[in-house]
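Below is one structure, written out as structure tokens; comments come after it.
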Protein chains: 2
Amino acid sequence: MLLGRVARMYYEHGLTHQEIADTLGVSRIRVTRLLAEARETGVVEIIVHVEESLFADDERDLAAAFGLRQVWISPSVADEQKAARAFASVGAEALAAKLEPDAVVALGLSTAVALVAEEFPDHPLAASFVPVAGSVSGLVNGANPHELALAFARRTNGRAFHLPAPLLAASPEAAAASLADPGVRGVLELAARADTLVAGIGGTARGQGLLLSSLGDAERERLLADGAVGDLAGRFFDADGDAVHGALDARVVGLGLDELRAIPNRLGIARGETKLAALRTALESGLVNLLVTDSDTAKALLAD
Amino acid sequence: MLLGRVARMYYEHGLTHQEIADTLGVSRIRVTRLLAEARETGVVEIIVHVEESLFADDERDLAAAFGLRQVWISPSVADEQKAARAFASVGAEALAAKLEPDAVVALGLSTAVALVAEEFPDHPLAASFVPVAGSVSGLVNGANPHELALAFARRTNGRAFHLPAPLLAASPEAAAASLADPGVRGVLELAARADTLVAGIGGTARGQGLLLSSLGDAERERLLADGAVGDLAGRFFDADGDAVHGALDARVVGLGLDELRAIPNRLGIARGETKLAALRTALESGLVNLLVTDSDTAKALLAD
DNA sequence: GGGGATCATGTACATTTGTTCACAACAATG
DNA sequence: CATTGTTGTGAACAAATGTACATGATCCCC
């Protein structure tokens, strides 16, 4: 077990990579890689014994300001990749905290949620993961609700459901036909009874979010004219947090805004300046009652 | 709790010192130091999940070759300071493994044992620590048996005993007088009944060990002429592992070699080329039945 | 027995981390 | 009130670590 020896020499005896390489007769780079592997595989476990969360005060303030049940904040850093990972791991922590064994989790389609799935720890909870809307067509590498449900299910030893329908049907009639399908309806009914919703919150900037980016400019303009300020799991809402019913809304195959709002735990996952307006509305109108965001966004939300 | 936030940002979110410093508005150096503090104070705990020890095969071979009950080997590295610390921490591990609550531990005076005391983990065992010989006069920073016993006692919430006598009396008569003192005798009798002896093994090179370095060259020559190859806790032995009785031996205030040998667990702690001959004899003659050494010394001992 | 992919490896470099030093602020001591 | 030690600080440097890329091995499929 070379890996274990390397890990112990490094973490228990404080030798450098080079020293370990010399005593073991391997290259330094190999030691570096073995150590990375040891951390990834859990051979090396690092525990920080701190009860309080990183931004405890901001989390408390945000919860109070918007009447949220709980808030989690990840650290903002310049390095976007790192910030995204930190954000996702805080999201995973938040979801894990709310998840009970055999829970039913409704999943909104969102790149943020997809990242959370990646970071989700391996804990056998046997939960069920159910998409709240159909899939986008084409390759959207890993952000399709079905893959997403699968990723969560794999990590929790749970079950993943598939909604065999497009997120956006070609016409209102086609959407209605999809919804009439027993398989589709069954899954959506299950999603509606979920304990917990996990969804991203999207803004209305051009090209933002999986739904908007699949629309033309004309349709987007129409949405804005109808008062849309953002979307939750594929459903656009206006400045009061009410659903924007229109041509687009009728083509979406998924739970409606009121059905989403009926789910007890509604965990919103969003960060970034472009999402601020949507986020503010979603929080004020109670669309979500649990929030994961980053510290910059939190500060902006609190700066009122 | 700045410390905790820094630790979590670093270990849970993988930010760099600089990134943490920027988000928290402190200097990078401060972050570096806080992280070091977090590791030292145990706020950050690093566990390596590996059952097998570092040099399991050599340990097994050495135990078999010399009929030892158990052997612990620390990694040898060029950096002497680091090697010493690794050695000491393995020594601490070994002693901790053999220590039962309320045990009586006899302590041989040795810099190696002193280092072990430094590395000994804080575990409340309520053991008693008893010197097997008197103190050296003058300042030998931290290697006096009394300080040594205190250091162990502090970390185990145990009791430290003091032997109010010099290691080396001015004359055989003075030594006898010391031994006649009820306080001294009481402590030595307790030491003789110890469950475990922890002692360094010294060679006979000039200036080596606390005892030899306090002698003149003439006395050392005399010792060699009498056949001494090394010492255990202040008592010199010859190539057969038998006591070297002579002018020096009569002046030492402490347990005799036979009394040391009567202690059930005898943990020898020694490493280095200069100690090889002494170590080999001590092992072959059963002066110790438990051994802590480093990998270079282990290899040399096995190369027969 | 060739391609062609995948994997492991090491070199060279970039980044990150740790350490030494000099200085300043403060507290204890004469 | 000077003085000595103690502590905390950051700048500058030295060391350690991580990464991108190039190379060579190995396997697999045709």
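Residue numbers start from 1 in every chain, and the chains themselves are labelled A, B, ... in the order their sequence lines are given, proteins ahead of strands.
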Are Y11(B) and R39(A) close enough that a side-chain donor and a side-chain acceptor fall under 3.5 Å? no
Quick check on dT15(C): is either OP1 or OP2 less than 4.0 Å from any side-chain nitrogen or oxygen of R28(B)? no
Would you kindly give the CD1-to-P distance between I29(A) and dA14(C), to the nearest whole Å? 15 Å
Determine the contact category for R30(B): base if any of its heavy atoms lies under 4.0 Å from a base atom, sugar-phosphate if only primed atoms, P, OP1 or OP2 are that close, otherwise nothing. sugar-phosphate
Rounded to the nearest Å, what distance is computed from the CG atom of residue D22(A) to the P atom of nucleotide dG10(C)? 13 Å
Rounded to the nearest 0.5 Å, how far apart are CD1 of I73(A) and CG of D58(A)? 4.5 Å
R155(B) charged N/C atom sitting above F120(B) aromatic ring, 6.0 Å / 45°: no
Which residue pairs satisfy the ring-ring contact (aromatic ring centres under 6.0 Å, His included) criterion with at least one member in residues 17-63 of chain B, sequence neighbours excluded? Y10(B)-H17(B)
Between K82(B) and S27(B), name the one whose nearest nucleotide on DNA chain D is closer to the 5' end. S27(B)
To the nearest angstrom, how far is Q18(B) atom CD from dG18(C) atom P? 13 Å
How many whole angstroms separate atom CZ of R33(A) from atom P of dT9(C)? 8 Å
Would you check if the side chain of E119(B) reaches a backbone N or O of G91(B) as a donor-acceptor pair within less than 3.5 Å? no
Between S89(B) and E12(A), is there a side-chain donor-acceptor contact under 3.5 Å, judged purely by atom types and distance? no
Rounded to the nearest angstrom, tell me the gap between atom NE2 in H17(A) and atom C1' in dT16(C). 12 Å
d(CG, D79(B); P, dG18(C)) in whole Å: 16 Å
Where chain B begins and ends its contact with DNA chain D, read 5' to 3' at 4.0 Å from heavy atoms: dT9(D) to dA12(D)
